[in-house]
Amino acid sequence: MQTALNVYNSKSRQVEKFEPLNPPFVGLYVCGPTVYSEVHIGNVRTFSSFDLIYRYLLHLGYKVRYVRNITDVGHLLDDTSEDRISKKARLENIEPMEVVQRYTVDFHRTMEKFNALPPSIEPTATGHLIEQIELVQTILDKGLAYESNGSVYFDVEAYSKNENYGELSGRNVDELMANTRSLDGQSDKRHPADFALWKKAEPQHIMKWDSPWGKGFPGWHLECSVMSTKYLGRSFDIHGGGMDLKFPHHECEIAQNKAGFDEEPVKYWLHTNMLTFNGRKMAKSEGTGITPRELMEGDHPLLSQAYSPMTIRFFMLQAHYRSTLDFSNEALQAAEKGLKRLMTSIQDLSKLPTSDVSTVQIEDLSEKLYAAMNDDFNSPIAIAHLFEAVKWVNLIKDGKETITPNDRDSLATLMHAFVFDVMGLTDETSGDDTEKIDGLMEFVLQLRQEAKDNKNYGLSDTIRDRLKELGFEIKDGKEGTTYTMH
RNA sequence: GGUCUCGUGGCCGAGUGGCUAGGCAGAGCUCUGCAAAAGCUUGUACAGCGGUUCGAAUCCGCUCGAGACCUCCA
């Protein structure tokens, strides 16, 4: 490796050299979805970003344990005391676990389409209630939480005597504490800044469990503290999630961990940025965000066509994970064409003519690619360099540059590693029958060549047109005719 | 109102105190039976106004504009 990996740590707000706590092992925890509705494309971006990060860490040779939770309880709605999953279950008159199952499966299917690697462990909140209750008790025992009317709240004021609540999100505790905005009515909390560790369940509440404080359910932040600790240890390398989770979710997690386990839980905090659509924010509330399904089916008033998962993934990779990214029909079309060019070039690699000398510098390219990815996973720069390689391939094809057999192999290895392994792109045009189709096409193209040689252009054009209708595009080049599949 | 991020050429989107991002679209040329593809060349870009500097799109300040979060029993 020419350069070392550097990552931007949201907590220090600086780029830092990445040094795992226990190399070659890396612990990576990412906040997963709350499974109460179809994922929207913003969620997909977050998980695709972490997929890139996961893949690159693997590519560098790290032994990564990637934990991504499924939130299936405890995430309350804005304006009511109702759990998101409970509400959905009540509305559709089904079991909460049916809601969870339906949208978990949907989530998995969707991420699979986007070629995201599954995490090493995918724990659920409901599967870790005992551990959560234990942590609540521990924090209570330390005097950093209090019971109130069947619920347990984290005591931010007490915690702040020795710790800095707000260190992650840059918030000032005094200001938070001073915020005495009226809580429209009764609150069991001593202080507005306090947050729930355990919530008392009302009699009609469907999802509830026994606890030392009566029937209830865990607070939303608790599961991540518990599950990250259980599977990655009290202190681990990377914790990630969407920007919107920074506060309060991640801030609360840190506080819970420090209160319960007396250790700094996370070395590097990574946050991915949001998605906008036509310059306007993608509404997270139900129904207003655009879903992967709508994109893949082109089923949206603002889309002129369907876009394949790889086009969408490639489009996302062309922006840095910490920048907001604007979705638009036009931008997606551009990505589709760019991706096609990239894939065509990779198909051409193996057929490239070789010679005694190389006029292209594979080593240079390799260094640039690693440098880009080592700079906080800068995929857009890496892609820009990949297009340099595309240009080379085309020039070599035209005989304007040359390459040795060894260099050709190196280039192929490099391109495959970055495009397929690291970026996680797949060639959607090639299937298992590629070889058979290759032979078939060779034969058909030979017949067409004979027609051309006999100046029977009517026939040769008919062949070309028909093939195009079938999804095979013909290109007459100097060195003969080639084709691409769509 | 508070905290933070951002404002780059037709669109998307990188980046750095002085040197080409890249993709797509547009124009011209080469190749070609035609087409497609590919290659080459090309465009007024860095919100506005000041300041620092030999030099700033890149640093500082202000203005305008956009976005995220602000514990509301998340």
Side-chain angles (χ1 to χ4, degrees), chain A residues 10 13 34 71 74-84 148-149 151 153-154 156 165-166 169-172 175-176 178-179 181-189 191-196 199-200 202 219-221 242-249 251-252 271 273-274 276 279-281 314-315 318-320 322-342 344-345 348 372 375 378-388 390-391 393-395 397-401 452 455-457 460-461 464-465 468 473-478 481-484:
Chain A
S10 310
R13 292 168 205 214
T34 303
T71 297
H75 199 157
L76 300 184
L77 289 160
D78 296 356
D79 48 353
T80 67
S81 62
E82 203 165 16
D83 182 286
R84 289 177 186 275
S148 174
N149 193 23
S151 293
Y153 294 94
F154 190 90
V156 172
Y165 183 78
S169 53
R171 276 167 173 77
N172 183 312
E175 279 174 18
L176 287 169
N179 179 1
R181 190 150 38 128
S182 92
L183 292 171
D184 48 302
Q186 74 298 341
S187 171
D188 299 333
K189 291 202 242 172
H191 221 283
D194 296 344
F195 55 91
K199 281 296 296 174
K200 176 188 180 178
E202 299 303 321
W220 173 38
H221 316 304
M243 217 74 120
D244 52 344
L245 295 182
K246 212 165 163 182
F247 189 89
H249 186 56
E251 197 70 71
C252 295
H271 287 100
N273 217 136
M274 305 287 102
T276 57
R280 297 194 312 198
K281 73 173 172 179
F314 180 70
F315 172 69
Q318 279 187 297
H320 187 87
R322 281 193 288 116
S323 301
T324 53
L325 171 62
D326 191 45
F327 249 67
S328 67
N329 194 53
E330 210 178 349
L332 283 165
Q333 282 179 336
E336 185 177 74
K337 287 180 184 164
L339 177 63
K340 186 184 162 198
R341 200 150 83 85
L342 180 63
T344 303
S345 164
D348 288 343
D375 183 15
N378 199 326
S379 54
I381 294 287
I383 288 173
H385 293 312
L386 286 172
F387 275 102
E388 266 177 56
V390 169
K391 197 166 177 177
V393 169
N394 292 327
L395 286 171
K397 238 168 57 178
D398 280 4
K400 289 172 182 164
E401 301 273 6
K452 280 173 68 175
K455 302 238 189 264
N456 187 349
Y457 295 124
S460 71
D461 286 358
R464 185 174 62 199
D465 294 344
K468 188 164 186 187
E473 193 168 7
I474 303 303
K475 289 175 273 188
D476 290 330
K478 263 185 185 161
T481 303
T482 57
Y483 74 93
T484 49

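Numbered from 1 within each chain, the chains take letters A, B, ... in sequence-line order. Just so we're clear, the structure is a prediction, and the values are computed from it rather than from any experiment.
Regarding A/Q333, its CD atom lies at a distance of 18 Å from the P atom of B/rG23, rounded to whole Å. We find that NZ of A/K397 is positioned 8 Å from P of B/rG39, with the value rounded to whole Å. One interatomic measurement links the two molecules: CG of A/N273 to P of B/rC6, which rounds to 10 Å at whole-angstrom precision. A/E388 has its CD atom 12 Å from the P atom of B/rC40, to the nearest Å. Distance CG (A/L342) to C1' (B/rC24): 14 Å, rounded to an integer number of Å. As rounded to whole Å, 12 Å separates atom C1' of B/rA74 from atom CG of A/D244. Between the C1' atom of B/rC72 and the NE2 atom of A/H191 lies a distance of 16 Å, rounded to the nearest Å. Summarising the geometry, the separation between NE2 on A/H385 and P on B/rG22 is reported as 10 Å, rounded to the nearest angstrom.
Ring orientation note: the planes of A/H221 and A/H249 are tilted relative to one another, at an angle of 30° to 60°. Between A/F154 and A/F195, the ring-plane angle classifies as parallel under the 30° and 60° cut-offs.
Between B/rG39, B/rG22, B/rC69, one nucleotide has an atom nearer to the side chain of A/F387 than all others, and that is B/rG22. You'll find that the side chain of A/K391 is closest to B/rG39, out of B/rC4, B/rG39, B/rA74.
Taking atom P in both B/rG22 and B/rC54, one finds a spacing of 33 Å when rounded to whole Å. On the C1' atoms, B/rC40 is 35 Å away from B/rA47, given to the nearest whole Å. Distance check on atom P: B/rC70 versus B/rC19 gives 42 Å, rounded to whole Å. Taking the P atoms as reference points, B/rU5 lies 22 Å from B/rG9, given to the whole Å. Rounded to a whole angstrom, the distance from the P atom of B/rC59 to that of B/rC6 is 10 Å. Of the P atoms belonging to B/rG2 and B/rU16, the separation is 30 Å, rounded to the nearest Å. Comparing B/rC11 with B/rA25, their C1' atoms are spaced 8 Å from each other, to the whole Å. Distance check on atom C1': B/rG10 versus B/rG26 gives 8 Å, rounded to whole Å.
Between A/D461 and A/A335, the residue anchored closer to the 5' end of RNA chain B is A/A335, taking for each the nucleotide with the nearest heavy atom. The 5' end of RNA chain B is approached more closely, in terms of each residue's nearest nucleotide, by A/R13 than by the other of A/R13 and A/M274.
Checked by atom type and distance alone, the side chain of A/S151 pairs as donor or acceptor with a backbone atom of A/K200 at under 3.5 Å. Counting only distance, with no hydrogens or angles, the side chain of A/Q318 and the backbone of A/A335 share no donor-acceptor pair below 3.5 Å.
A close approach under 4.0 Å does occur between a side-chain nitrogen or oxygen of A/K337 and OP1 or OP2 of B/rA25. Applying the 4.0 Å criterion to OP1 and OP2 of B/rC72, one finds that A/K189 has a side-chain N or O inside that range. A close approach under 4.0 Å does not occur between any side-chain nitrogen or oxygen of A/K246 and OP1 or OP2 of B/rU5.
Within the nucleic acid shown, A/R341 comes within 4.0 Å of sugar-phosphate atoms alone, with no base atom in reach, counting heavy atoms only. Within the 4.0 angstrom heavy-atom criterion, base atoms lie near A/Y457. The residue A/K455 sits apart from the nucleic acid: no heavy atom pair falls under 4.0 Å. At the heavy-atom level, A/H221 lies under 4.0 Å from the strands shown only through sugar-phosphate atoms.
A pairwise comparison of heavy atoms in A/W220 and A/L245 identifies CH2-CD2, 3.6 Å as the closest pair. The minimum heavy-atom distance linking A/F387 with A/G338 is given by the pair CZ-O, 3.5 Å. The two atoms that bring A/A372 and A/A382 nearest to each other are CB-N, 3.6 Å, heavy atoms only. The minimum heavy-atom distance linking A/S345 with A/V390 is given by the pair OG-CA, 3.6 Å.
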Base-pair string, RNA chain B, Watson-Crick plus G-U, cut-off 3.5 Å on both distances, | for inter-strand, is (((((((..(((.....[...))).(((((.......)))))....(((((..]....))))))))))))....
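For the pair A/K397 and A/D348, the minimum side-chain heavy-atom distance is below 4.5 Å. The shortest side-chain heavy-atom distance between A/L342 and A/L386 falls under the 4.5 Å cut-off. Considering only heavy atoms from C-beta on, A/R341 comes within 4.5 Å of A/N394 through its side chain.
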Nucleotide by nucleotide, nucleotides 7-20 of chain B touches protein heavy atoms under 4.0 Å in the pattern (B base, S sugar-phosphate only, - none) ----SSSSS-----
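Atom CD1 of A/I383 is separated from atom CG of A/L339 by 9.0 Å, given to the nearest 0.5 angstrom.
For B/rC34, its base sits under 3.5 Å from the side chain of A/R464 at one donor and acceptor pair at least.
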